[in-house]
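Heads up: numbering here begins at 1 and tracks the sequence.
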Amino acid sequence: LILNISATATHTIPSTLYGYMWEDINHSGDGGLYAELLQNRAFQAVIPGTQNALTAWQPFNGARLSVTSKTSGVSPSLPNSLQVQIPQVVSGPIGFENTGYWGIKVQSGWTYQGSFYAKSATFTGAVTVSLKSAQGTAFATKALTGITTSWKKFTFEFQPSVSADNDENVFNVVVDGKAAAGQNIFFGMFSLFPPTFRGRENGMRIDLAETLAATQPSIWRFPGGNNLEGTSFDTRWKWNATLGPLEDRPGRVGDWGYPNTDGLGLMEYLNWVEDLGAEPILGVWAGISTANYSDLTTWPVVPEAELQPYIDDVLNEIEFIVGDSQTTDGGKLRASLGRTEPYSLKFIEIGNEDTFQADSYAAYRWNAFVSAIGDRYPDFDFEFIATTLPSTALTPAYQRIDFHMYNSPDWFTSNAFMFDDYPRNGTKWFIGEYAVTSTNDTNALGDIPSGRLAYPTLQGAAAEAAFMTGMERNSDVVFASAYAPSFQHIKNYQWTPDIVTYDASRLVKSTSYYVQQMFSLNRGTHVLSTTPVSSNDTTPLFWVASYNNETDVVFLKVSNTGTQDLVANIFLVFPSSDLDLQHPLAHLH
Ligand SMILES: [NH3+][C@H]1C[C@H](O)[C@@H](O)[C@@H]1CO
């Protein structure tokens, strides 16, 4: 392949071009990026007496465990407690254990910080907590005393003496059998954290956070995705239920079939986005919930006459994020939670993938939210992003639209040029979710036997790269993009493929991860046009040239989607007329 790269820059490349879409799916948040080690830590969003109320908890040495709301909970937001009944006849330590999110990493030298609430009408003895292997080896232990008849919070920290050689470890809680015989003890709101990314309290798991940060994302779309929407209006993601002390966060049943602790809440997300140096793309709830995936047309929609409370909710969420800490309620609340300075917020996405209820989106929902936000915040030049079909006419007309692409390698390669002749009329696209999901050209979201990918593949990553060259070349109309979904806990997931797969202590970066990293780390500021001057067949090759006018570097990104072991000799040819030594492109890196 011989390419002519023009020395004249075409358009600028927006700084927001590469980043992530994020929602708690596949235990990407709880059990993933959010560093809490104990699963079902506060018995949130579970029904006492049902099987899953005790998810991740198990008795030790014969204690009888049950989740109850009959006794007052740790807080109004956390009505459920763990009731531990100690048999009449028992000797030795007795209690219960948490098995974590399918394991707990035990690392010597780490300081683990933990807490729990306890009360008992009769028992006043010591409670001993420890990290233990499944075989009973204790790595770290702490005894706590002072249980009273009313809830009391116990905090502790400990350092494992040695690292465990696997993740089959438990957080073990015991009392002395003789001292507790025949008695009831109640526990609630457990928490156990390892060290976190940048040491942030209630923060992120270091290895996973570093993996995402290492791709230098410049946008972070959150909190969803379907997980924004809720399986009912009342179980939608509620920004104000994800703030403040963990005792004040009720949690919810997420849209992906497991309870969300909401410990990774709005402020944790906004702090994380700042740590990444990225722009938040805030998804706001827009009046539909995902009742069931089998029939998308039945998803309930808030009638126009009942929309105002949800609009007010969004206005208050935005005030919490950007409001003045002296003069606005939202800003004062934010300051009271430790953040005086407003967060930066530019992009607001109205809803998520609202293509199944496009009529109500077009008829009133889009307009209602955009107008209300614009009226309330006239001085903020928010960029509103629509999430319905691009063909849907909206009032006001959308300037930016989020469209999702999950398809086969062939679809991505044959659509790599879809934006080359897209009208330049001011409308800009956010490919807010995309991935090669299947080798099946006619059913990209089927099951594995029908071609669905369990994990990203080299073929898929090369096809994604081909498509990305098109997005970058046309980044005057594609202002942002995000592979999705991001994370997958190998022990419990709902969607494949995903860009990073992990368990309690290890992670695997996929081929698609490295493609995202390559495109994101090697960014030009301007696109350069190219002309192939070779005669041989270039169909399997896709490329984009760019120039960074700060570092004075020319980038040429090439994807070889060919199946043969095609060797591409790439010669960068500059027309001699352009090659005056003063020209910024003369110093080729
Ligand atoms: N159905 C996909 C589209 C939706 O927005 C996400 O929640 C899902 C996986 O990323």
Task: Counterpart residues, salt bridge (Lys or Arg N to Asp or Glu O under 4.0 Å), relative to Lys557 (two or more places apart) - done: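 Here the qualifying residues are Glu472.
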Open item on the list: So, using salt bridge (Lys or Arg N to Asp or Glu O under 4.0 Å) as the criterion, who are the partners of Asp420 when residues are at least two apart?
Closed with: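 Salt bridge (Lys or Arg N to Asp or Glu O under 4.0 Å) list for Asp420, sorted by chain: Arg473.
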TODO: Could you note down all residue pairs passing salt bridge (Lys or Arg N to Asp or Glu O under 4.0 Å) where residues 482-504 supplies at least one of them, sequence neighbours left out?
DONE: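 Pairs touching residues 482-504 that pass the test: Asp503-Arg506.
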Do we see a donor-acceptor contact under 3.5 Å between the side chains of [X] and [Y]?
{"X": "Thr290", "Y": "Asn226", "answer": "no"}
{"X": "Thr215", "Y": "Gln516", "answer": "no"}
{"X": "Thr530", "Y": "Trp543", "answer": "yes"}
{"X": "Tyr258", "Y": "Asp24", "answer": "yes"}
{"X": "Ser232", "Y": "Asp234", "answer": "no"}
{"X": "Tyr422", "Y": "Trp429", "answer": "yes"}
{"X": "Ser15", "Y": "Ser218", "answer": "no"}
{"X": "Ser450", "Y": "Asn440", "answer": "no"}

Is the ring pair [X]/[Y] parallel, tilted or perpendicular, if the boundaries are 30 and 60 degrees?
{"X": "Phe479", "Y": "Phe430", "value": "tilted"}
{"X": "Phe193", "Y": "Tyr34", "value": "perpendicular"}
{"X": "Trp299", "Y": "Phe356", "value": "perpendicular"}
{"X": "Phe320", "Y": "Trp239", "value": "tilted"}
{"X": "Tyr434", "Y": "Tyr483", "value": "perpendicular"}

Open item on the list: For Tyr493 and Trp256, I'd like to know if the aromatic rings sit close, meaning centre-to-centre distance below 6.0 Å.
Closed with: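 When the ring centroids of Tyr493 and Trp256 are compared, they turn out to be at least 6.0 Å apart.
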Open item on the list: With side chain to side chain donor-acceptor pair (under 3.5 Å) as the rule and sequence neighbours excluded, what pairs involving residues 409-419 come up?
Closed with: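 Sorted pair list comes back empty.
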Task: Close side-chain approach of Val370 to Ile350, heavy-atom, < 4.5 Å - done: yes
Task: Within-4.5 Å side-chain heavy-atom neighbours: Met405 and Phe467 - done: yes
Task: Polar side-chain atom of Tyr513 near backbone of Thr211 as donor-acceptor pair, under 3.5 Å - done: yes
Task: Under 3.5 Å: donor-acceptor pair, side chain of Gln517, backbone of Ala214 - done: yes
- [ ] Kindly give the heavy-atom pair with the smallest separation between Arg252 and Arg236, and that separation in Å.
- [x] NE-O, 3.4 Å
Task: Nearest heavy atoms of Pro223 and Leu228, plus distance in Å - done: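 Result for this residue pair: CG-CD1, 3.9 Å.
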Open item on the list: For Asn271, give me all partners under side-chain contact (heavy atoms from CB on, under 4.5 Å), at least two apart in sequence or on another chain.
Closed with: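 Checked Asn271 against side-chain contact (heavy atoms from CB on, under 4.5 Å); matches are Arg200, Arg339, Tyr343.
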Open item on the list: Could you work out, with side-chain contact (heavy atoms from CB on, under 4.5 Å) as the rule, every residue matching Ser520, not counting sequence neighbours?
Closed with: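 In terms of side-chain contact (heavy atoms from CB on, under 4.5 Å), with neighbours along the sequence ignored, Ser520 is linked to Tyr18, Gln216, Arg523.
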